Engineer: 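Supplied in structure tokens, the structure appears directly below.
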Protein chains: 2
Amino acid sequence: MLASLEKEQEEVSEGDFLAKENTRLDELFILKKGWVIATREEASGRAHIPTVYHPGDVIGLSDVAFTHTPNTIVAATQLTICRFPREKLTDVLRQSPRVSGLFLALSMIDQALMNDRLIVSRRTDGYLRLVLFLLQTMSRLRLMEPRLHDQFYCPLTQEQIGAATGLSGVHVSRSIKKLLELNLIERHKRFFRFADEPGLNSLVGYVDRYESLDLSWLPEGD
Amino acid sequence: MLASLEKEQEEVSEGDFLAKENTRLDELFILKKGWVIATREEASGRAHIPTVYHPGDVIGLSDVAFTHTPNTIVAATQLTICRFPREKLTDVLRQSPRVSGLFLALSMIDQALMNDRLIVSRRTDGYLRLVLFLLQTMSRLRLMEPRLHDQFYCPLTQEQIGAATGLSGVHVSRSIKKLLELNLIERHKRFFRFADEPGLNSLVGYVDRYESLDLSWLPEGD
DNA sequence: CGGCTGCTTGAATAGAGTCAATAAACGTGG
DNA sequence: CCACGTTTATTGACTCTATTCAAGCAGCCG
């Protein structure tokens, strides 16, 4: 079932749009390769990135239920994607209780991650938002590529990291510096390495949600 | 189908717990009457309220996918609830594509609302967080009780509103004062009335997500 | 070797938090 | 019905931290 959804792959260039703000989004995308960001301009004019998508993610699960999406969805790197028209979602619901449950689970997971981000976004200490960003990104990437161990390449500019964490680009730079000085991370260009992951975890009380999944309630069969 | 889920109602007293942090949550709750808050203590020790539930909400949709919930779920008022064991979710997935889709839609809606909150939480202007809180709450309550028009009773203390918006209790008081001075709202005790709803909307670029739902992709039948 | 973009650093500003003191509202029991 | 104590709300003074503006510094590509 899932395989049938991923028949036709498609390449997308960096900077291309998968969806534009205030338009109807009538398909989902399954991201096979690359990073995607959802951006949104806020009333004050500042750009925000509510979500960053990584390989394996289903893009648009929080948008298809609405007549128009509030987000602009952009390829942050070169991509490989599979399109997933909305009617196919209807088919899935009709035909496969298990895959339906998986979609529901995905949505729940996204919500849990966003909850964690929401809490941290409300603290004043900005560098902790960066810490959570790094930890969540690492966890997510490890899911698909366990061999990454303790480091990853972040294709986003510091300005974009700021938009994703709610900091100004300037402050992202300062926060990285602080983490370097505390010997919590190392960095070479856009590679980040965790020098002291337990230390980072305890700073924000981080829990890897992927490690505490319980999907025993999913129906068996296809 | 849905009716069968709501057979046995149950009363819960204010202050009672529906779930405790770091325990397994193996049932959902359908909230019939009253307000419920999910609370969480953050690393620094400050209390946060990531979600406030209102009549009609399904409580715990972001928690059942995990072996333990990060949230403590508390009755903010006297409640009427229906329990919804996790196995029943499995039944729903197996038996009713449409209700499965509805659950998925609910989860998507929650996500969209949280996205809006996340964006606003990242701005510095605190009184705007309060504005969004009021607007989202009003929209949500109107869903079930359209006759409310432009006012509602908020059973939460200002300290709790602060925990829900990411402000200190003190600052909630100041922000309310500011909105009163701008003639955007009126207030009598814990009743809030919108004196200028368009004005409030434009402050935060508010969009009522409930009014832009598109559920045409839900399968027909039960 | 320019010219671009992205990163770093400094100084000044603005806004939210904290602490603390008061005032108002609410509930309880006499 | 009133007096008391507790909780909740308001206000002021001060601190701390992220932002903004601005200038300088890489690093990359043509």
Side-chain angles (χ1 to χ4, degrees), chain A residues 14-15 35 37 42-49 76-77 119-133 153-182 185-192 203, chain B residues 13-15 35 37 42-49 76-78 119-134 153-182 185-192 203-204:
Chain A
E14 179 177 336
W35 287 35
I37 55 182
E42 175 234 2
S44 75
R46 228 168 75 176
H48 286 262
I49 298 181
T77 66
I119 301 291
V120 170
S121 287
R122 287 172 171 172
R123 335 196 3 141
T124 44
D125 311 82
Y127 76 104
L128 294 182
R129 304 191 207 176
L130 179 65
V131 169
L132 184 67
F133 171 81
Y153 175 77
C154 177
L156 306 181
T157 66
Q158 290 190 4
E159 197 67 40
Q160 288 175 316
I161 295 175
T165 51
L167 297 171
S168 64
V170 172
H171 210 70
V172 170
S173 174
R174 292 193 224 271
S175 297
I176 290 174
K177 192 179 166 196
K178 180 162 183 178
L179 295 179
L180 290 170
E181 283 168 356
L182 292 171
I185 63 169
E186 292 165 13
R187 188 188 49 152
H188 306 88
K189 318 218 177 181
R190 286 181 180 169
F191 281 90
F192 289 92
L203 273 180
Chain B
S13 311
E14 179 178 336
W35 288 35
I37 54 182
E42 178 233 0
S44 75
R46 226 167 78 176
H48 286 262
I49 298 181
T77 66
Q78 163 88 3
I119 301 292
V120 170
S121 286
R122 287 172 172 173
R123 334 198 2 143
T124 43
D125 310 80
Y127 76 104
L128 294 182
R129 304 190 206 176
L130 180 64
V131 169
L132 183 67
F133 172 81
L134 294 173
Y153 176 78
C154 177
L156 307 180
T157 67
Q158 291 189 3
E159 196 67 41
Q160 287 174 317
I161 294 175
T165 51
L167 298 171
S168 65
V170 172
H171 210 71
V172 170
S173 175
R174 293 193 222 271
S175 297
I176 290 174
K177 193 180 166 196
K178 180 163 185 177
L179 294 178
L180 290 171
E181 283 168 357
L182 292 171
I185 64 169
E186 292 165 14
R187 187 189 48 154
H188 306 89
K189 317 222 176 178
R190 285 181 180 169
F191 280 91
F192 289 91
L203 274 180
V204 294

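To find a chain, count down the sequence lines: A is the first, B the second, and so on, and within it residues start at 1. Remember, it's a predicted structure, so these values are computed and weren't measured experimentally.
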Engineer: Say you draw a straight line from CG of A/Leu179 to CZ of A/Arg174; how long is it, rounded to the nearest 0.5 Å?
Structural biologist: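 Output value for this atom pair is 14.5 Å.
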Engineer: Quick one: side chain to side chain contact (heavy atoms under 4.5 Å, CB included) partners of A/Ser173, sequence neighbours excluded?
Structural biologist: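 A/Gln158.
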Engineer: For A/Glu42, what residues pass the salt bridge (Lys or Arg N to Asp or Glu O under 4.0 Å) criterion, not counting sequence neighbours?
Structural biologist: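 Testing A/Glu42 for salt bridge (Lys or Arg N to Asp or Glu O under 4.0 Å), a comparison that skips the adjacent residues, returns B/Arg123.
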Engineer: Whole-Å distance between D/dT8 P and B/His188 NE2?
Structural biologist: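 Spelled out: NE2 on B/His188 to P on D/dT8 is 22 Å.
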Engineer: Using whole Å, what does the distance between atom P of nucleotide C/dT8 and atom NZ of A/Lys178 come to?
Structural biologist: 16 Å
Engineer: Which nucleotides of nucleotides 14-30 of chain D have their base under 4.0 Å from a protein heavy atom (B), which only their sugar-phosphate (S), and which neither (-), written as one string 5' to 3'?
Structural biologist: ----SBBB------S--
Engineer: With sequence neighbours left out, write down each residue that passes salt bridge (Lys or Arg N to Asp or Glu O under 4.0 Å) with A/Glu14, or none if nothing qualifies.
Structural biologist: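 Counting only residues at least two positions away or on another chain, A/Glu14 forms no salt bridge (Lys or Arg N to Asp or Glu O under 4.0 Å).
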Engineer: In whole angstroms, how far is the P atom of C/dT9 from the CG atom of A/Leu180?
Structural biologist: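 Rounded to whole Å, this separation is 10 Å.
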Engineer: Return the value, rounded to whole Å, for the distance between atom CG of B/Leu156 and atom P of D/dT8.
Structural biologist: 11 Å
Engineer: Who are the side chain to side chain contact (heavy atoms under 4.5 Å, CB included) partners of B/Ala163, not counting sequence neighbours?
Structural biologist: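 Side chain to side chain contact (heavy atoms under 4.5 Å, CB included) check on B/Ala163 returns B/Ile49.
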Engineer: Determine: side-chain N/O of A/Lys177 to OP1/OP2 of C/dT9, distance under 4.0 Å, yes or no.
Structural biologist: yes
Engineer: When the distance from CD of B/Gln160 to P of D/dT8 is rounded to whole Å, what number comes out?
Structural biologist: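 Interatomic distance, CD of B/Gln160 to P of D/dT8: 8 Å.
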Engineer: Rounded to whole Å, how long is the line connecting atom CD of B/Glu159 with atom C1' of C/dT18?
Structural biologist: 12 Å
Engineer: Taking only residues two or more places apart in sequence or in another chain, which ones pass side chain to side chain contact (heavy atoms under 4.5 Å, CB included) with B/Arg190?
Structural biologist: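 By the side chain to side chain contact (heavy atoms under 4.5 Å, CB included) rule, B/Arg190 matches B/Tyr153, B/Thr157.
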Engineer: Measure from CZ on A/Arg190 to C1' on C/dT5 and round the result to the nearest Å.
Structural biologist: 10 Å
